Protein chains: 2
Amino acid sequence: MHGKYASSFHENISKIRSLIVQASLAPGDRLPSERELAETLSISRASVREALRALSFLGIVETRHGGGTFLCEQDRHRYIEILSEFIVTKQTKASDIVDMLRLLERLAFSEVEPTPERVKLLEANLANDREFRQQLILGLDNELFIRIWSEVNRFYDGTDAGELYTIEERTQLLEMWRKVRMPE
Amino acid sequence: MHGKYASSFHENISKIRSLIVQASLAPGDRLPSERELAETLSISRASVREALRALSFLGIVETRHGGGTFLCEQDRHRYIEILSEFIVTKQTKASDIVDMLRLLERLAFSEVEPTPERVKLLEANLANDREFRQQLILGLDNELFIRIWSEVNRFYDGTDAGELYTIEERTQLLEMWRKVRMPE
DNA sequence: CTGTTTGATTGGTCTGACCACTTTAAAGAG
DNA sequence: CTCTTTAAAGTGGTCAGACCAATCAAACAG
């Protein structure tokens, strides 16, 4: 009748969400460990991880290596509100979108550690404006941030605008990033 | 010097994106299989899957069980544009957000198959408006849709409005869903 | 040419192990 | 007793190999 594998991706997300509600977890609280969740919900740890990754992208939970998985603080949701309000109040002029993107990307430069691998990766994509910016953002360890950037950038792509930075600017940004964060 | 595990989540996403660009894949094209990607990029298949899941949530790729992983059609991006335009042109009146949510959720009812498990799950959450709607949406097999709903709903939550449906409406929706989709 | 069967391919899930990071508590120094 | 150091347990991250489930394509039968 039923197949061997009973669980499914979306069901697992529902299960975890139900568990969060039943346990009356508040923002900031820690969820049971992945191993506990797997046993409690009778699914494999790999499936638990896929579900948690999805909830992470939805801005519902946040994982810390070695620490645990936590319910997101409500504050993180304000990213979205700020973005929405921005779009509304500013009437979405193209120039504002550009400002927003530049702001987010400058922030990324200050947050992301310039490891040799990342620097090399950005150098390789120096000629492609869009790729360059995307690779930079993907270095961030904040999935909600990535998602918001993705939204704004998609909006930007829809305007058929040209490059956000000239290649000279990109080169300069990269150089500055390396020097300021690794001074020697 | 270096640890045993060389790969990291964000690097893997970058690797796959670079591969997409280098291979000059166009929207609709199929990516190499997960097993091929794992071997090519020298990372485990589990890590490939986590990266692909992320790209899926970003609306960049789309997976089909047994079929493969494909670059998203540009059309799917229009969801976001439609949403953005909606927010802008409609001045984000609370009533419009409500309409939008109701629209999305009616759509979900017509798309999601009413399996006994799902029906049972919704019945269990009949008393909680927010949970009820979230569980419904999570039954969808379209992560971009889920993401958009999530955005709008978060905006809705920010307005401190009450329940979107009364419990009578929820009961009625559930009953209708079961009957229309499983007529006997 | 059309429809069916069958084998290979591919994404989905499971298991169990080990690695890297955190947290905690025990052990030690003062 | 207090503070520091250190060891161990706990947790998320990665890996490997296996099998399940859905899809696809080639071979086959009509």
Side-chain angles (χ1 to χ4, degrees), chain A residues 1-16 19 25 28-57 60-72 113 115 117 138-143, chain B residues 1-16 19 25 28-57 60-72 113 115 117 138-143:
Chain A
M1 186 80 63
H2 290 76
K4 180 169 180 179
Y5 296 144
S7 77
S8 83
F9 179 64
H10 293 286
E11 288 174 11
N12 293 340
I13 294 183
S14 295
K15 285 181 182 177
I16 293 180
L19 189 144
L25 296 185
D29 286 356
R30 210 185 75 180
L31 275 69
S33 72
E34 295 181 352
R35 292 168 179 81
E36 280 183 70
L37 284 174
E39 191 171 6
T40 303
L41 305 177
S42 300
I43 55 183
S44 72
R45 200 186 142 205
S47 295
V48 169
R49 282 185 58 76
E50 288 223 354
L52 286 179
R53 175 67 67 186
L55 289 175
S56 175
F57 259 95
I60 295 175
V61 304
E62 172 186 21
T63 61
R64 300 173 202 160
H65 189 179
T69 304
F70 301 80
L71 256 189
C72 275
E113 202 73 24
T115 64
E117 293 78 18
L138 287 176
L140 272 168
D141 198 22
N142 184 329
E143 280 151 358
Chain B
M1 185 83 66
H2 289 76
K4 179 171 181 179
Y5 297 144
S7 75
S8 83
F9 179 64
H10 294 284
E11 289 173 11
N12 293 341
I13 294 182
S14 295
K15 286 181 182 176
I16 294 180
L19 189 145
L25 296 185
D29 286 356
R30 209 185 77 178
L31 276 69
S33 72
E34 295 181 351
R35 292 168 179 81
E36 281 183 69
L37 283 174
E39 191 171 6
T40 301
L41 305 177
S42 299
I43 54 182
S44 72
R45 202 185 142 205
S47 295
V48 169
R49 284 184 57 77
E50 288 222 353
L52 286 179
R53 174 68 68 186
L55 289 175
S56 175
F57 259 94
I60 295 174
V61 304
E62 172 186 20
T63 61
R64 299 174 204 159
H65 189 178
T69 305
F70 301 81
L71 257 189
C72 275
E113 202 74 24
T115 64
E117 293 78 18
L138 287 177
L140 272 167
D141 198 23
N142 184 328
E143 280 150 359

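It should be emphasised that the depicted structure is a prediction, and the values quoted were computed from it without experimental measurement. Proteins come first, then strands; the chains are lettered A, B, ... in the order of their sequence lines, and each starts at number 1.
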field: Euclidean distance, atom CD of residue A:Glu39 to atom C1' of C:dG16 [Å, nearest integer]
entry: 14 Å

message: Can you measure A:Asp29 atom CG to D:dT11 atom C1' for me and round it to whole angstrom units?
response: 17 Å

- prompt: Just wondering, do A:Pro32 and A:Leu19 contact through their side chains at under 4.5 Å, heavy atoms?
  reply: yes

query: From the list D:dA16, C:dA20, C:dG11, which nucleotide is the closest neighbour of the side chain of A:His65?
result: C:dA20

field: Close side-chain approach of B:Glu11 to B:Ile43, heavy-atom, < 4.5 Å
entry: no

message: For A:Gly66 and A:Glu50, find the nucleotide of DNA chain C closest to each by heavy atoms; which residue's nucleotide sits nearer the 5' end?
response: A:Glu50

message: Among C:dC18, C:dT10, D:dC15, which nucleotide has an atom closest to any side-chain atom of B:Arg30?
response: C:dT10

task: Have a look at the helix from C:dC1-D:dG30 to C:dG30-D:dC1 and give the angle its two end axes make, five pairs each, rounded to 10 degrees.
output: 0°

query: Does A:Arg64 make a side-chain N or O approach to OP1 or OP2 of D:dG12 shorter than 4.0 Å?
result: no

query: Expressed in angstrom and rounded to an integer, what is the separation of A:Leu55 atom CG from D:dG12 atom P?
result: 14 Å

query: Say you draw a straight line from CD1 of A:Ile16 to CG of A:Leu41; how long is it, rounded to the nearest 0.5 Å?
result: 6.0 Å

query: Just how far is it from atom CD of A:Glu62 to atom CG of A:Leu71, taken to the nearest 0.5 Å?
result: 10.0 Å

query: For the pair made of CD in A:Glu11 and P in C:dG12, what is the distance, rounded to whole Å?
result: 15 Å

Which nucleotide in D:dA16, D:dG12, C:dT13 has an atom nearest any side-chain atom of A:Thr69: D:dG12

- prompt: With no angle test and no hydrogens, is the base of C:dG11 tied to the side chain of B:Arg35 by a donor-acceptor pair under 3.5 Å?
  reply: yes

message: At less than 4.0 Å, is any side-chain N or O atom of B:Thr63 found next to OP1 or OP2 of C:dT10? Yes or no.
response: no

field: Spacing of B:Phe70 atom CZ relative to C:dT9 atom C1', expressed in whole Å
entry: 12 Å

Side-chain N,O (A:Arg49) to OP1/OP2 (D:dG13) below 4.0 Å: yes

B:Leu31 CG - C:dT9 C1' separation (whole Å): 16 Å

task: Considering non-hydrogen atoms only, spot the tightest contact between B:Ala51 and B:Asn12 and give its length.
output: CB-CB, 4.2 Å

task: Can you tell me the distance, in whole Å, between the CZ atom of A:Arg45 and the P atom of C:dG16?
output: 13 Å

query: Can you tell me how far OG1 of A:Thr69 sits from CD1 of A:Ile60, rounded to the nearest 0.5 angstrom?
result: 13.0 Å

query: Looking at CZ of A:Arg45 and CG of A:Leu52, how far apart are the two atoms once the value is rounded to the nearest 0.5 Å?
result: 10.0 Å

task: To the nearest Å, give me how far apart CZ (A:Phe9) and C1' (C:dG11) are.
output: 13 Å

Minimum-distance nucleotide (side-chain atoms of A:Ala46 versus C:dT13, C:dT15, D:dG12): C:dT15

Nucleotide nearest B:Tyr5 when distance is taken to its side chain, options D:dA18, D:dC15, C:dC14: D:dC15

query: Got a sec, which residues hit side-chain hydrogen bond (donor to acceptor under 3.5 Å, both in side chains) with A:Arg49, two or more places apart in sequence or on another chain?
result: A:Glu34, B:Glu50

message: Closest approach to the side chain of B:Glu34, judged atom by atom: which nucleotide of C:dG11, D:dC15, C:dT10 is it?
response: C:dG11

query: Side-chain N or O of A:Ser47 less than 4.0 angstrom from OP1 or OP2 on C:dG12?
result: no

